Amino acid sequence: MGLGTGTVGKVVEVFSQGKVKFGIVREECDGGVLADVLENDLTVGKMKKVADGEIVSVWKEESKLESEGDLLNFVQEARNIIQNSPSRSLNLTPLCKEMQVLGKRRTCTSGEIGDYLFSSLMNGPRRLAARAAAAMLVGNDHIRFKRGKAGDGFYAVPQAVAEARARTEFVKLAASMRDKTPEEKKGFRWTRAHLSMMSKLEIGAASETSLNKATRTLLKELGYPETPEGAAATLVDVGYWSEERLKERVDSNVSGGGPDALDWTFPDAAVAEAKRVLEEQNNVRRGYADGSVALWRDQKRVDTDIYCVDEFSTRFYDDAVSAEILDERTTRVYVHVADVDAVVQPKGDIDRIALARGESMYLPKRPFHMIPPAAMEASSFNPVLHGLAVSVAFDVDLETGDIIDTKVFRSVLRPIIRVTYDQFNEIASDKNVDTYPKKWVDDLKVLCRATEAMMKQRSESEGSSRKDDDRRIAGVTVYGGRKKKTIVRDFKRSFGHRAVDELLSVAGEQLRKFAKKKKCALPERSGAELFALRCGTAPMRRYVDLVIQRQIKTVLVGHQMPARRRRMMELCTYLEKRHSEVQKILDSHRRSALYLSLAEQVADQKAAGVDHPLMNAKIITIRKKNTLLALLGTGLTALAPNPVDLASELNVGDQVQVKILDVKPEREEIRAEFLTGSSAAGK
């Protein structure tokens with residue numbers, strides 16, 4: 001597209017020194033125009049020669065800009081639009097996706113982009129300023145957008161190119177950070193885009209299993225070994241992780257190590273804030289115990305015994321339960337959720353990391369928490385100190401299982417009583433009850449009766465859609481030491497798990513109803529994968545639940561209005577994307593650990609002179625020379641050559657037994673062999 005004639009007096013977009021600038025065309029000349037251009041320091045370059053290659057677009061509209069003051073006011077108004085617009089309008093991701101579909105051959109002018117981003121302003125008196133704001137936003141995003149031919153505007157680069165550009169920019173920044181002083185590194189604030197790159201490195205360093213392709217590519221470009229140690233070294237060199245704590249890191253399972261065992265997976269600022277808040281919260285908790293700290297007007301003391309039911313290895317408790325009998329037919333059940341919002345201040349260092357991570361990840365090697373352990377300890381329920389909570393109390397009709405009445409309030413709890421699932425199951429089934437305090441047995445029996453009534457009512461109303469069978473869940477743990485060992489755990493879901501799940505689900509439903517009644521928006525949408533039954537009950541592990549807790553508390557306290565629905569939907573969109581990424585990461589690391597476990601088993605049995613391990617499998621595809629199999633209970637696949645004596649008997653969907661001959665974890669390949677006569681097993 002040529003620039004044509006008749007450009008004198010028009011606004012011209014100029015791309016110079018990596019920025020979009022604006023000017024007024026004064027004369028046309030060979031190879032470009034002469035224009036008064038507003039520079040970055042807000043000075044005007046008079047009659048500056050602008051080459052055709054520097055021109056992004058010449059506006060055809062009548063601008064009515066004549067003097068230098070008009071030009072300055074015009075640009076400042078555009079900057080004000082950007083500054084005062086909601087983040088939804090400034091989010092270029094949807095625009096980028098739509099422009100990527102168009103491809104390089106279809107460019108968009110700033111006017112078209114302005115219609116997309118600021119449609120309400122493009123039809124009014126601020127139309128030109130809105131168009132300039134759109135040009136600034138897209139022109140300054142060097143990662144996802146690029147200039148077209150002279151005068152044609154912008155186009156969106158392909159996603160792979162955008163990712164490569166983002167890595168290149170991050171590599172340059174990381175290189176410059178390595179040369180900075182410790183004080184400069186400590187004061188640097190990483191953007192959300194940078195934190196996304198950091199997250200890849202953190203997960204790789206924390207997992208100590210094989211790294212995914214994206215992390216290996218990033219480490220290669222940074223010039224570090226493509227190993228977990230290389231990822232950890234990168235984070236230390238750029239000042240994101242502490243070298244001192246990294247040296248103290250311990251090889252432990254999910255609950256192993258001391259209170260600071262996992263601090264090395266967080267930047268210094270977040271750890272320092274967490275330790276400061278822990279000390280403050282412990283003082284507040286002691287104050288509630290001795291009466292030196294008064295309750296807020298919307299806080300209540302819960303005088304019943306509080307029980308935290310969880311695994312034996314659990315260190316942090318973010319939910320607890322209690323119950324009391326109102327009459328022969330009615331029981332009041334309390335579900336208490338730890339007040340994490342009292343510890344994680346919005347827009348603080350901990351909050352920024354929590355938002356970037358989105359949720360905790362439980363990797364095979366160790367947990368990768370959303371907030372530092374000190375912050376989790378500060379908000380966790382404690383067997384020694386009082387605790388702060390957001391509580392849901394609901395009255396249960398023991399005959400029908402219906403919820404009669406519900407109350408949501410902020411509470412102060414007495415020190416909790418820890419109960420494992422095994423202990424809960426024994427009390428529920430009247431086994432070894434003499435070994436437990438009578439008060440435990442009485443309280444938990446009351447809780448069980450109310451829970452069973454609710455479970456029965458839900459089962460009858462939902463039919464077979466909600467199964468309460470004892471499901472087995474596969475888990476993988478990598479134990480450290482001189483020789484790492486991968487263990488595949490078989491986890492059984494017991495009555496205790498189902499009971500606690502029922503209580504938390506009911507509490508989540510009541511929190512959601514409370515928010516709807518109070519017209520309080522939540523960062524969730526029905527039908528999405530992130531939409532959980534246990535709404536708002538895990539703020540220590542899920543950022544979406546932390547935001548829900550903040551919204552609920554804002555209503556309870558009443559000092560300010562909760563965040564609006566638009567903001568909640570923006571957060572919902574981001575957290576859904578983050579949740580999807582986390583699930584892919586977890587699946588990748590779980591698969592890697594399973595491959596390692598199977599490879600270790602094959603190697604150990606070979607070394608011991610024992611025959612190859614046997615596994616049950618299901619036929620997926622029958623090929624000309626081999627068969628693709630799904631190894632049941634693992635999510636892994638294997639290839640086995642078609643046996644001559646069984647070739648005619650094999651059918652897709654059959655369950656068979658196979659012998660595992662060889663496993664290559666680095667290539668994710670498993671070679672197997674059919675057992676003679678095993679194909680009839682699935683028929």
Side-chain angles (χ1 to χ4, degrees), residues 284-291 293-310 314 317-339 342 379-398 401-421 423-428 433 436-455 496 499-511 514 534 536-537 549 552 556:
V284 170
R285 291 178 170 192
R286 296 187 189 99
Y288 281 123
D290 59 25
V293 175
L295 271 65
W296 292 87
R297 63 177 179 82
D298 62 308
Q299 281 183 318
K300 299 178 182 179
R301 288 187 184 272
V302 178
D303 294 326
T304 60
D305 283 342
I306 313 297
Y307 297 89
C308 285
V309 184
D310 219 317
T314 301
Y317 299 92
D318 61 355
D319 58 70
V321 294
S322 58
E324 59 182 345
I325 299 174
L326 299 183
D327 54 50
E328 293 182 357
R329 182 169 173 170
T330 310
T331 296
R332 177 165 294 167
V333 176
Y334 297 88
V335 175
H336 313 283
V337 181
D339 190 353
S379 54
S380 172
F381 296 130
N382 194 293
V384 177
L385 300 173
H386 283 58
L388 303 179
V390 174
S391 298
V392 183
F394 45 91
D395 299 343
V396 182
D397 187 320
L398 298 180
D402 293 330
I403 307 298
I404 302 171
D405 188 27
T406 303
K407 294 180 181 178
V408 179
F409 56 95
R410 291 203 301 159
S411 59
V412 176
L413 310 181
R414 61 176 63 176
I416 56 97
I417 299 170
R418 292 183 292 189
V419 178
T420 67
Y421 282 114
Q423 292 172 330
F424 185 91
N425 290 328
E426 285 190 342
I427 292 174
V433 291
Y436 299 107
K438 185 177 184 303
K439 187 70 166 62
W440 285 27
V441 176
D442 293 343
D443 288 348
L444 294 179
K445 282 286 188 180
V446 170
L447 200 61
C448 285
R449 283 195 293 271
T451 306
E452 287 173 338
M454 290 188 294
M455 291 170 67
V500 171
D501 183 64
E502 179 70 23
L503 292 170
L504 293 176
S505 296
V506 172
E509 291 172 357
Q510 301 309 313
L511 285 174
F514 175 82
R534 295 160 58 157
T537 59
Q549 186 176 83
I552 296 293
L556 294 174

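In this text, all values refer to a predicted model and were calculated from it rather than measured experimentally.
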[X] versus [Y], closest heavy-atom pair with distance:
X    : Y    : answer
A389 : L413 : CB-CD1, 4.0 Å
T537 : A507 : CG2-CB, 4.5 Å
S411 : V302 : CB-CG2, 3.9 Å
F409 : A393 : CE2-CB, 4.0 Å
G496 : N425 : N-OD1, 2.7 Å
S322 : T304 : OG-OG1, 3.2 Å

To the nearest 0.5 Å, tell me how far [X] [atom1] sits from [Y] [atom2].
X    : Y    : atom1 : atom2 : value
Q510 : D405 : CD    : CG    : 9.5 Å
L511 : I552 : CG    : CD1   : 5.5 Å
I416 : H336 : CD1   : NE2   : 11.0 Å
R414 : R301 : CZ    : CZ    : 10.0 Å
E509 : L504 : CD    : CG    : 11.5 Å
W440 : I417 : CH2   : CD1   : 6.5 Å

Can a donor-acceptor pair be found, under 3.5 Å and without considering hydrogens, that links the side chain of [X] to the backbone of [Y]?
X    : Y    : answer
D402 : I404 : no
R286 : L385 : no
R285 : H386 : yes
Q549 : A338 : yes
T406 : F394 : no

Partners meeting ring-ring contact (aromatic ring centres under 6.0 Å, His included) with F424 (sequence neighbours left out):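 ring-ring contact (aromatic ring centres under 6.0 Å, His included) check on F424 returns nothing, list empty.
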
Validation row: [X], [Y] side chains within 4.5 angstrom (heavy atoms):
X    : Y    : answer
Y421 : D310 : yes
T330 : V396 : no
R329 : D397 : yes
L503 : M454 : yes
V408 : L556 : yes

Side chain to side chain contact (heavy atoms under 4.5 Å, CB included) between D501 and R534, intermediate numbers included: CA-CA 8 Å; D501 183 64; R534 295 160 58 157; 3.1 Å; yes

Other residues, nucleotides, ligands: >12 heavy atoms within 6.0 Å of K439 NZ: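 Yes, because the 6.0 Å sphere around NZ of K439 holds more than 12 heavy atoms from other groups.
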
Residue pair Y288 / Q299, side-chain donor-acceptor N/O under 3.5 Å: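 Checked: Y288/Q299 side chains pair up, N/O donor to acceptor below 3.5 Å.
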
Candidates V441, D443, L447 - the one meeting side-chain contact (heavy atoms from CB on, under 4.5 Å) with K445: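 Result for side-chain contact (heavy atoms from CB on, under 4.5 Å) with K445: V441.
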
Criterion side chain to side chain contact (heavy atoms under 4.5 Å, CB included) on V412 and L388, from CA distance to verdict: CA-CA 5 Å; V412 176; L388 303 179; 4.0 Å; yes

Derivation of the side chain to side chain contact (heavy atoms under 4.5 Å, CB included) call for V321 and V500: CA-CA 9 Å; V321 294; V500 171; 5.9 Å; no

